[in-house]
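Just below is one structure, and these are the notes that go with it.
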Protein chains: 2
Amino acid sequence: MKKSGKKTRMTRQKKVIMEEIKKACDHPDADTLHSRVKKKLPRISLATVYRNLEDMAAQGAIIKLSGTTQRTRYDGNSHPHYHFHCLECREIEDIPVEPLEKLDQHVGHSVNHDILWHRVDFFGICSRCGDRTDRNA
Amino acid sequence: MKKSGKKTRMTRQKKVIMEEIKKACDHPDADTLHSRVKKKLPRISLATVYRNLEDMAAQGAIIKLSGTTQRTRYDGNSHPHYHFHCLECREIEDIPVEPLEKLDQHVGHSVNHDILWHRVDFFGICSRCGDRTDRNA
DNA sequence: GTCGAATTGAGAAAATATACCAGTTTTCAA
DNA sequence: TTGAAAACTGGTATATTTTCTCAATTCGAC
């Protein structure tokens, strides 16, 4: 939140973490990402992954998602978009729907609060899990 | 999720927890609710509060909210509605906006998943915190 | 009232995230 | 380049939140 003029440095760790989260399509949690990053930097610690994800999220470079589990997950795509959460397999998928741009302004006016952004999350059973259940029924 | 024919009982604890969460307007977390319930049942344990909130949420009687903190908060109002989260004071407020009823069906069709519900959350600074910041600026 | 099953209380344990700190790396001015 | 200050890291301890365990209690059908 506070910038405080502190300079930031590009470390090897940060570079790899950024690459991995940006190319990930599955909205991984910190631990999952840690495993992936370790393939390139075997000695990197989980704390470093948490620290850098936190920094990136604060800068708006990535998005923190709170889903159907206790674990925080991260989205390397910082462009506004919505998500679908499968209650069965816990997968999170991007929704190809245009964000409701005007909504913040409209709702902000009606409740008299300064709205900075909004989030829309859909919950249900994805087609893969649905098919699997059908077969077993 | 699974019903399994197990019978449920109405205990004194469950009754008081239901009363408190239903009349709460501030979307309390489990710990806060525990404090309130303890005024009526001083010996009730936090685990019992968690257990019952979890059960109620599974039945759809209340809603679990994941907000701006790590803590899960609960909403006694199970009627579909949206929320505003103040990033400053962490207060959660109901949004008096008609839910987008058709959205689930529309999006579900476009992504080919079975969508059961959706959630919309607005984030920003509430008018109280905004005023306070203005004075200090 | 009696009995079996559901529930509770208390605390241990698990799960997730952050804090701490000594040692390392990055950056930048000289 | 090089040297030094500041930022960052790894490893681990600690904090925080939630779930689990289990003996004891309570509920409710009979």
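Letters go in sequence order (proteins before strands), and every chain restarts at 1.
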Interatomic distance where [atom1] belongs to [X] and [atom2] belongs to [N] [whole Å]:
{"X": "A:Asp31", "N": "C:dT16", "atom1": "CG", "atom2": "P", "value": "8 Å"}
{"X": "B:Lys14", "N": "C:dG9", "atom1": "NZ", "atom2": "P", "value": "13 Å"}
{"X": "A:Ile44", "N": "D:dT12", "atom1": "CD1", "atom2": "P", "value": "16 Å"}
{"X": "A:Met10", "N": "C:dT26", "atom1": "CE", "atom2": "P", "value": "11 Å"}

Classify A:Arg71 by what it touches in the nucleic acid, base, sugar-phosphate, or nothing, heavy-atom distance under 4.0 Å.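 Answer is sugar-phosphate: A:Arg71 comes under 4.0 Å of backbone atoms only.
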
[N], OP1 or OP2 - any side-chain N/O from [X] closer than 4.0 Å?
{"X": "A:Gln70", "N": "C:dT16", "value": "no"}
{"X": "A:Tyr50", "N": "C:dT18", "value": "no"}
{"X": "B:Thr72", "N": "D:dT17", "value": "no"}
{"X": "B:Arg43", "N": "C:dG9", "value": "no"}
{"X": "A:Thr11", "N": "C:dT25", "value": "no"}

Choose from D:dT9, C:dT8, C:dA19 the nucleotide whose nearest atom is closest to any side-chain atom of A:Ala47.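 Nucleotide nearest to A:Ala47's side chain: C:dA19.
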
Where the side chain of A:Ser45 is concerned, which of D:dC8, D:dT17, D:dG10 is the nearest nucleotide?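 Within the option list, the nearest is D:dG10.
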
Any side-chain donor near an acceptor of the partner, A:Asp121 and B:His118, under 3.5 Å: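 Checked: A:Asp121/B:His118 side chains show no N/O donor-acceptor pair below 3.5 Å.
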
Would you say B:Leu41 ends up clustered with B:Met56 if hydrophobic residues are merged whenever their side chains have heavy atoms under 4.5 Å apart, either directly or through other cluster members?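 Cluster IDs for B:Met56 and B:Leu41 match.
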
